[in-house]
Asks: 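I'd like to ask you about the structure that follows.
In what follows, chains are A, B, ... by sequence order, proteins preceding strands, each numbered from 1.
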Number of protein chains: 2
Amino acid sequence: MTVMTTDLIMHGSAGTRVAAELRDAILAGTYPPGTRIRQEDVAGRHGASRVPAREALRLLESEGLVKVVANTGAWVTSLNLAECEEIYQIRERLEPLLLRLNVPLLTPEQVDGLDALAHEMERSDDVETFLHLDREFHLSCYTEATTTMLHDTVLRLWNRTQPYRRAYTTVFRSAGDRSAHHEHHLIVSALRRGDADEAERVLASHIRRTRLELARHPEIFDAPAAQPTRADAR
Amino acid sequence: MTVMTTDLIMHGSAGTRVAAELRDAILAGTYPPGTRIRQEDVAGRHGASRVPAREALRLLESEGLVKVVANTGAWVTSLNLAECEEIYQIRERLEPLLLRLNVPLLTPEQVDGLDALAHEMERSDDVETFLHLDREFHLSCYTEATTTMLHDTVLRLWNRTQPYRRAYTTVFRSAGDRSAHHEHHLIVSALRRGDADEAERVLASHIRRTRLELARHPEIFDAPAAQPTRADAR
DNA sequence: TGACGCTCGATTGGATCCATTGTGCGTCAT
DNA sequence: ATGACGCACAATGGATCCAATCGAGCGTCA
């Protein structure tokens, strides 16, 4: 075995690549929270042995996407409402800072792009494209600052709540959309004027409002989704 | 080889244990920033093979304590002034939140303990005990809240700047001590009164002042400490 | 004499094999 | 029939071995 086609120059170890692919799969919803992940499956699916597979699982665990129990196995992380709110509270403090650092660096063209994204979001009615555009909008606000650690931290927080944003959007799609769209345009406006304080304020209340709205629908977190202790992985 | 004395029940994989020991060593200053870390050394020193050693290095990398370059090696992370200030900016936003969540949960006895720590710090003149007490003081403020992710994030930030707090304290020990002690007592006072807003304010300005003071001494970061590309690990 | 290129050594990355552990099922006794 | 005990299987953890890669030092040539 081990065909090793080498069809692509591999930059970085295989564990990193496997982790990236697995991360994408989890974020895409292929593995919902609570899903058991077996090392051998990961290895087989991504063309590697169990060593880099295990490496990838440990990596994703440190990002909070996976929970590894010693000598037992790995599961996609499940969050309860309290943990989800915690993440939103952290975001409420961190993202305004990150946005502030980006304000003086964003070009007018980039702000135009954000405006376009905000409008495109209003027109979208598909859940997946909405999720994608929302993520794209917010993360595009953060591309210019060179603060790597802050950026990474925020990215991890987004990733950890991704399944729950999907669940929420799927069920209560139209609920807070009006406010969200309004706030996005307020952010664009503040960015255009270079008003960092206003941008911070709007973003903070945007995240806060989302958190409160989420808290109003705890039923999303009810189903622990049948945790097979040692059984299948789908 | 592989004596496997099993003198202690091991909870969790060896990689986790090795990572913990290595982390302690880095925080203790045994491996200063820029030090090369070879897998085989780690394995030998901690009684394991290179597999868990590598696992430990990847773990510490995800915590930001170590930088792993593919097919090349691992080094203890070096920060420049900008990166250090970034961490302090993040802490300035996160720790007040974490403190606020703890305010209603801290018992009067715990606040007394904090007060004792603050006083003990004033009397200490040894760098290492000062560092230890300072860390102890701040982290003891955060023990009660059940917000695991926030707590972990803050802990990682502390760990990443540890070598630079040590360097700063070693060189400019007496500089900002007066202000720091004053602020610690203000925090204790706010905690005693259960005044979350005031506690937040004081802590934020405490961290901010520390950051500004650090920025006034960029010479700490000057020495990249001779990065041996493939040489010794001491 | 300096710059380029090549080879060799050292070190990391990965695959396979073996040990360990936890789970589930079957059996037996009550 | 039900509970507890024990055995067998399956999945993880770790060690060793082999391959791949990078760096350094040396030699050659301009």
Asks: By nearest nucleotide on DNA chain C, pick out whichever of A/A48 and B/A74 is the more 5' one.
Replies: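 Looking at the nearest nucleotide for each, B/A74 comes out on the 5' side.
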Asks: Looking only at the side chain of B/S49 (C-beta and beyond, no hydrogens), which of the listed nucleotides D/dG13, C/dT12, D/dT16 gets closest?
Replies: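 Selected nucleotide: D/dT16.
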Asks: Would you please name every residue forming a salt bridge (Lys or Arg N to Asp or Glu O under 4.0 Å) with B/R100, sequence neighbours left out?
Replies: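 Applying salt bridge (Lys or Arg N to Asp or Glu O under 4.0 Å) to B/R100 gives B/D197, B/E200.
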Asks: Between A/E63 and A/R156, is the closest basic N to carboxylate O distance under 4.0 Å?
Replies: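 No, this pair does not count.
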Asks: Just N and O in the side chain of A/R36: are any of them under 4.0 Å from OP1 or OP2 of D/dT12?
Replies: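 So the side chain of A/R36 is within the cut-off, an N or O lying under 4.0 Å from OP1 or OP2 of D/dT12.
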Asks: Can you run through DNA chain C from 5' to 3' and write each base as (, ), [, ], | or . depending on how it pairs? Watson-Crick or G-U wobble, both distances under 3.5 Å.
Replies: ||||||||||||||||||||||||||||||
Asks: Under 3.5 Å, is there a donor-acceptor pair linking the side chains of B/R54 and B/Q39?
Replies: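 No donor-acceptor contact under 3.5 Å links the two side chains.
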Asks: Expected output is a numbered-order residue list: members of residues 51-70 of chain A with a heavy atom under 4.0 Å from any atom of DNA chain D. What is it?
Replies: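 Here the set is A/R54, A/R58, A/A70.
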Asks: Could you work out, with salt bridge (Lys or Arg N to Asp or Glu O under 4.0 Å) as the rule, every residue matching A/E144, not counting sequence neighbours?
Replies: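 Listed in chain order: nothing, the list is empty.
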Asks: Any donor-acceptor pair under 3.5 Å linking the side-chain atoms of B/T16 with those of B/S13?
Replies: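 B/T16 and B/S13 do have a side-chain donor-acceptor pair below 3.5 Å.
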Asks: B/E120: what forms a salt bridge (Lys or Arg N to Asp or Glu O under 4.0 Å) with it, not counting sequence neighbours?
Replies: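 None.
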Asks: Please give, in whole Å, the distance from C/dT21 P to A/N71 CG?
Replies: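 A/N71 atom CG is separated from C/dT21 atom P by 7 Å.
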Asks: Hey, are B/E83 and B/R160 close enough for a salt bridge, meaning a charged N less than 4.0 Å from a carboxylate O?
Replies: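 A salt bridge is absent here (no side-chain N lies under 4.0 Å from a carboxylate O).
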Asks: For A/R50 and for A/G15, locate the closest nucleotide of DNA chain C by heavy-atom distance; then report the residue assigned to the nucleotide nearer the 5' terminus.
Replies: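 The residue closer to the strand's 5' end, by nearest nucleotide, is A/G15.
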Asks: For A/R91, what residues pass the salt bridge (Lys or Arg N to Asp or Glu O under 4.0 Å) criterion, not counting sequence neighbours?
Replies: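 With sequence neighbours excluded, A/R91 shows a salt bridge (Lys or Arg N to Asp or Glu O under 4.0 Å) to A/E95, given in chain and number order.
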